Amino acid sequence: MSVDPHPITVWHGSIRALASHAKEVVDGAEWAYASSLKYPRHRATVLASRAGFRRVVAQYVAVSPQHLQVTRVCGTCQRPHGPPKLPHAGYPALWTSVSHSGDCLLIAVSTLGPIGVDVEVVRARRTIAATAARCFTPSELAAWEEEPLKDRERTFYQYWTGKEAAFKLYGLVSHPRDIEVTLSRCGAAYARAPDGHDCWPLLSLAVGSVNVAHLCVPKQKHYEALLQTKFTAGAAGTTMSPLPIPVC
Ligand SMILES: [Zn+2]
């Protein structure tokens, strides 16, 4: 490993910056897939997420980003837009989760087990109350409606990213209401499955003033490992850097 084996690190990068240097690291299939997309913004996001993943994960595997072996076959349609998979042989056991919104790309990497990360740009949406009514559980909705009006948009995205991060970790849910997020005043949060048996810590990440982001880890001990982690700067030439993890 060419970086310290921190148990969990969330890497943060700019989509614009990563996309503009993507050609240096992505492979022919990734470039061809991105080039086949109609909208420039979609193209930039795909290139940035491919390039960012290579730049980050290559450091753990000690290969150059362009030589990282990664496949992305979609389980439904077989096109190359599925979640990234690393080979089992010759690579350390790593779990990753990728999220993007606006110009922000997050890549969470764990050596402990599965993780889920989600970021959203906080923006005004006319449909926000209807979406909350449709997707939030009764207790989430009640807590959200108690928030002062000026904080509603940001809090909506806190619930939303908490649900998405837990969904990415847990998978097997069919409706946003199947995961219930509880946010506390001190910033500690957790997500719970509907049967109440599984409960996962959620960590709120500071990713600039316009973004809200959550990281979901499967067990309390993982959360403690994360809080004890010290972060180092990214390697030279890497356009992604580790996020400072706030301690509640
Ligand atoms: Zn597909």
Side-chain angles (χ1 to χ4, degrees), residues 10-16 18-58 60-61 65-89 91 93-110 113-121 123 125 127 131 134-135 157 160-179 191 193 200 211 213-216 218 240:
V10 182
W11 300 81
H12 172 214
S14 150
I15 293 205
R16 220 173 310 121
L18 285 161
S20 66
H21 291 281
K23 201 162 191 181
E24 299 158 20
V25 291
V26 299
D27 68 18
E30 290 170 332
W31 186 262
Y33 173 64
S35 305
S36 76
L37 300 169
K38 186 174 166 193
Y39 299 104
R41 236 182 82 190
H42 193 188
R43 216 151 49 217
T45 301
V46 163
L47 281 176
S49 104
R50 268 50 171 183
F53 189 86
R54 284 178 173 277
R55 288 185 191 277
V56 162
V57 175
Y60 293 79
V61 183
Q66 50 277 52
H67 293 118
L68 187 80
Q69 292 178 47
V70 48
T71 51
R72 294 175 176 270
V73 181
C74 168
T76 309
C77 72
Q78 311 303 314
R79 293 191 74 208
H81 59 207
K85 281 206 173 66
L86 301 167
H88 294 297
Y91 276 44
L94 291 176
W95 289 265
T96 61
S97 180
V98 180
S99 180
H100 57 80
S101 187
D103 187 49
C104 175
L105 176 71
L106 295 186
I107 300 178
V109 182
S110 161
I115 40 171
V117 74
D118 193 60
V119 60
E120 294 286 346
V121 173
R123 61 194 151 88
R125 299 205 311 196
T127 54
T131 306
R134 196 174 63 247
C135 299
Y157 287 104
W160 191 264
T161 54
K163 279 176 183 291
E164 280 280 334
F167 171 75
K168 287 176 177 174
L169 168 66
Y170 186 67
L172 304 167
V173 292
S174 54
H175 191 278
R177 270 198 295 260
D178 291 347
I179 286 175
W200 312 287
N211 299 305
H214 269 113
L215 176 72
C216 189
M240 301 206 61

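Atoms within a ligand are numbered from 1 in the order they appear, just like the ligands themselves. On a predicted model such as this, the values are computed, not experimentally measured, just so you know.
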Handout entry: Y91 side chain vs Q69 backbone, donor-acceptor pair below 3.5 Å
Key = yes
Problem - Test side chain to side chain contact (heavy atoms under 4.5 Å, CB included) applied to V10 and I107, step by step - result: CA-CA 6 Å; V10 182; I107 300 178; over 6 Å; no
Problem - Charged tip of R72 within 45° of Y33 ring normal and under 6.0 Å - result: no
Exercise for the section: Taking the Zn ion (ligand 1) as the centre, count the protein N/O/S atoms lying under 2.8 Å from it. Expected result: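 There are 3 of them.
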Problem - Pairing of D27 and R54 as salt bridge, 4.0 angstrom limit - result: yes
Exercise for the section: Look at atom CZ of R16 and say whether more than 12 heavy atoms of other residues, nucleotides or ligands are closer to it than 6.0 Å. Expected result: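 No, not enclosed.
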Problem - More than 12 heavy atoms from other groups under 6.0 Å of NE2 on H67 - result: no
